[in-house]
Trainee: 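Take this structure first; my questions come after.
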Number of protein chains: 2
Amino acid sequence: MNKKTEATSKTLADLVYQKIRTDIISGELKASEKLRLSNLCKKYDIGMSPLREALARLTGDALVVTEGQRGFWVAPLSIEELDDITNVRALLESEALQQSIQNSDEEWKDELSMAFKELTRIEGELKGRSYDLVPEWEEANKVFHEVLVSRCQSQWMKKMIKILIQQSERYRRISLTLAESKGNRNVHDEHEAIFHAAIQGNILKACRLIEVHLNLTTDNVRQVLEESI
Amino acid sequence: MNKKTEATSKTLADLVYQKIRTDIISGELKASEKLRLSNLCKKYDIGMSPLREALARLTGDALVVTEGQRGFWVAPLSIEELDDITNVRALLESEALQQSIQNSDEEWKDELSMAFKELTRIEGELKGRSYDLVPEWEEANKVFHEVLVSRCQSQWMKKMIKILIQQSERYRRISLTLAESKGNRNVHDEHEAIFHAAIQGNILKACRLIEVHLNLTTDNVRQVLEESI
DNA sequence: ACACCAAAAAATATCGTAATTAATGGCCGA
DNA sequence: TCGGCCATTAATTACGATATTTTTTGGTGT
């Protein structure tokens with residue numbers, strides 16, 4: 001069907017999987033929305049086979065739910081699940097951070113410093129404006145959190161954290177489209193505190209701080225969600 | 001193709017997903033084995049479409065791995081991963097047990113007592129023979145562990161524990177086909193200790209015991225695996 | 001004769017389309 | 001109003017076409 005799909009070792013199923021995942025997390029595909037296969041075929045310009053494969057994989061990520069012979073839906077959102085996700089994520093991410101700090105070396109500290117510096121730089125350029133939905137900040141924020149736990153040796157821990165972050169992101173992104181986030185919070189200071197504790201090897205403090213950080217983010221999201229329901 | 005598939009709200013993709021999963025966990029499909037699609041079509045008497053869907057879902061469970069245009073393989077086994085899985089499982093399962101105990105009520109204690117009694121009964125009937133691979137014992141063991149964490153409110157915790165148990169099971173089952181497990185261990189006593197601690201609401205003790213229990217099982221499996229590699 | 005590479009052939013995975021099967025909704029009669 | 005029946009819609013699956021990877025083959029140079 002493609003004449004010379006150069007530089008593409010990926011399958012169409014892969015590509016559409018990523019596209020749909022992005023669209024669910026961004027909220028373009030709305031929570032609980034029915035996913036009609038023929039519509040998606042047109043929308044993503046693709047056949048049934050790769051589409052179904054992609055949806056099957058998204059079901060594994062809990063971004064899509066499916067029922068017998070009745071089709072697929074975007075997974076619903078709920079405040080209960082948001083809290084659940086946050087709790088499990090805090091448990092896993094603080095454990096991963098602990099291990100990461102225990103395995104830390106100079107290289108890690110350099111990487112972390114650079115990630116924090118980059119984040120700070122972007123925040124400076126935004127001069128007071130909200131960070132949310134600014135792509136560069138989103139990316140730098142993601143990198144900072146990834147580097148934090150990067151020295152954790154457990155592949156399974158990382159795999160699960162990845163899924164949970166995906167879920168959190170969906171809640172956060174969707175809450176941002178519903179209302180401007182309340183500015184009574186200094187995310188930069190939270191990051192800075194985590195950064196210093198991590199660099200200093202203060203495991204307990206770093207873990208406590210990251211748990212607080214996750215919970216504060218969730219508090220924001222929950223507030224918006226509660227109002228909008 | 002089926003005239004009246006009554007009592008079956010399940011799709012073919014569902015059925016073959018379960019079959020293949022069972023065969024991977026039991027070891028009938030061997031670790032790292034290449035899964036040739038046409039072979040599987042014949043073996044499970046099914047078409048490509050539902051087969052591919054099933055494999056996509058199994059990829060999400062990390063029981064199958066896939067690479068671009070090169071197909072599917074049964075996920076490989078390694079001692080490193082076994083240890084990884086055990087550690088994460090211990091972390092999550094002891095947290096879940098803690099929550100379960102905190103939410104415990106009389107009904108839970110009854111259920112747990114019954115599950116333990118049933119397990120004990122079956123062990124009595126086996127009179128010294130190894131429990132492993134005896135279907136009734138396997139089932140009762142599974143039920144006991146499930147009831148233990150059943151009052152944990154976190155759906156995500158349970159979802160992840162389920163995946164990890166699946167993985168552990170694969171390692172355990174496969175190690176049993178490689179060698180008779182060493183009998184220098186009293187699984188019944190371990191269960192009994194966990195049971196009593198849980199019933200008495202001794203959270204710390206119960207959590208410590210279940211961690212030890214998981215690690216002892218892994219020690220057995222690791223021993224067999226090390227020898228056979 | 002042997003290693004190395006290129007090109008053809010075979011095997012296999014992937015995908016689009018069409019046929020099959022099940023669920024849904026409306027209509028009619030009780 | 002309540003079922004039951006049929007038409008419509010949609011999901012599921014089979015199958016055939018295409019693209020990709022792997023293996024084999026044959027040729028070339030050392």
Side-chain angles (χ1 to χ4, degrees), chain A residues 1-21 23-24 29-30 32-76, chain B residues 1-21 23-24 29-30 32-76:
Chain A
M1 93 227 42
N2 290 339
K3 30 199 69 181
K4 269 282 157 182
T5 57
E6 66 217 354
T8 303
S9 70
K10 301 203 159 195
T11 64
L12 289 186
D14 261 320
L15 294 178
V16 76
Y17 163 76
Q18 292 179 339
K19 279 190 202 167
I20 297 179
R21 185 180 57 183
D23 288 350
I24 291 176
L29 290 170
K30 298 206 183 64
S32 304
E33 175 180 346
K34 175 77 196 271
L35 295 169
R36 279 214 187 64
L37 297 177
S38 49
N39 288 1
L40 296 184
C41 283
K42 273 179 282 180
K43 181 175 163 94
Y44 296 100
D45 187 32
I46 206 168
M48 284 264 109
S49 319
L51 174 64
R52 288 187 66 87
E53 221 170 298
L55 292 176
R57 289 179 55 191
L58 288 163
T59 300
D61 293 341
L63 291 170
V64 165
V65 294
T66 176
E67 202 176 326
Q69 310 259 19
R70 312 203 322 114
F72 300 86
W73 292 260
V74 178
Chain B
M1 91 228 46
N2 290 340
K3 30 201 67 182
K4 268 284 156 181
T5 56
E6 67 218 354
T8 303
S9 70
K10 302 204 158 193
T11 64
L12 289 186
D14 261 321
L15 294 177
V16 76
Y17 163 75
Q18 291 180 337
K19 279 189 202 168
I20 297 179
R21 184 179 58 184
D23 288 349
I24 290 176
L29 290 169
K30 298 205 183 66
S32 303
E33 176 179 344
K34 176 76 197 272
L35 294 169
R36 277 212 191 65
L37 298 176
S38 50
N39 287 1
L40 295 184
C41 283
K42 272 179 284 181
K43 181 175 163 96
Y44 296 99
D45 188 31
I46 207 168
M48 283 265 123
S49 317
L51 175 64
R52 290 187 65 85
E53 216 171 302
L55 291 176
R57 289 179 54 191
L58 288 163
T59 300
D61 294 341
L63 291 171
V64 165
V65 294
T66 176
E67 202 176 327
Q69 309 259 23
R70 312 203 321 115
F72 300 86
W73 291 260
V74 177

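A note on names: the letters A, B, ... follow the listed sequences, proteins ahead of strands, and every chain is numbered from 1.
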Trainee: Looking at B/G71, is its backbone amide N or carbonyl O close enough to the side chain of B/T66 to form a donor-acceptor pair, meaning the two atoms are under 3.5 Å apart?
Mentor: yes
Trainee: Counting only heavy atoms and a strict 4.0 angstrom limit, can you tell me which residues of residues 57-66 of chain A come near DNA chain C?
Mentor: none
Trainee: Would you sort out whether A/L40 and A/V16 count as a side chain to side chain contact (heavy atoms under 4.5 Å, CB included), showing the intermediate values?
Mentor: CA-CA 10 Å; A/L40 296 184; A/V16 76; over 6 Å; no
Trainee: How close or far is atom C1' of D/dA10 from atom CH2 of A/W73, stated in whole angstroms?
Mentor: 11 Å
Trainee: Measure the shortest side-chain to side-chain distance between B/D14 and B/R57 over non-hydrogen atoms and say whether it is less than 4.5 angstrom.
Mentor: yes
Trainee: Measure from CD on A/Q69 to C1' on D/dA10 and round the result to the nearest Å.
Mentor: 11 Å
Trainee: Side chain to side chain donor-acceptor pair (under 3.5 Å) with B/K43: which residues, sequence neighbours excluded?
Mentor: B/E28
Trainee: What's the closest nucleotide to the side chain of B/T11 if the choices are D/dT12, C/dT14, D/dA10?
Mentor: D/dT12
Trainee: Send over the distance from B/R36 CZ to C/dA10 P, rounded to a whole Å.
Mentor: 18 Å
Trainee: Check the distance between C/dA11's P and B/N39's CG and give it to me in whole angstrom.
Mentor: 13 Å
Trainee: Could you tell me how far apart B/L12 (CG) and C/dA22 (P) are, to the nearest whole angstrom?
Mentor: 10 Å
Trainee: Could you check whether atom CG of A/D45 has more than 12 heavy atoms from other residues, nucleotides or ligands sitting under 6.0 Å from it?
Mentor: no
Trainee: Is the phosphate of C/dA23, meaning OP1 or OP2, less than 4.0 Å from a side-chain N or O of A/R70?
Mentor: no
Trainee: Taking the side chain as C-beta and beyond, is there a heavy-atom pair between B/E53 and B/Y17 under 4.5 Å?
Mentor: no
Trainee: What's the NZ-P distance between B/K10 and C/dA22, to the nearest Å?
Mentor: 16 Å
Trainee: Whole angstrom is fine here: how far is it from NZ in A/K34 over to P in D/dT9?
Mentor: 14 Å
Trainee: Is the shortest heavy-atom distance from the side chain of B/I46 to the side chain of B/L15 under 4.5 Å?
Mentor: no
Trainee: Tell me, do A/L58 and A/R21 make a side-chain contact under 4.5 Å, heavy atoms counted?
Mentor: yes
Trainee: Using a strict heavy-atom distance below 4.0 Å, which residues from residues 44-55 of chain A are in contact with DNA chain D?
Mentor: A/M48, A/R52
Trainee: In whole angstrom, what separates A/L37's CG from C/dA22's P?
Mentor: 17 Å
Trainee: Considering only heavy atoms from C-beta outward, does the side chain of A/I20 approach that of A/L51 to under 4.5 Å?
Mentor: yes
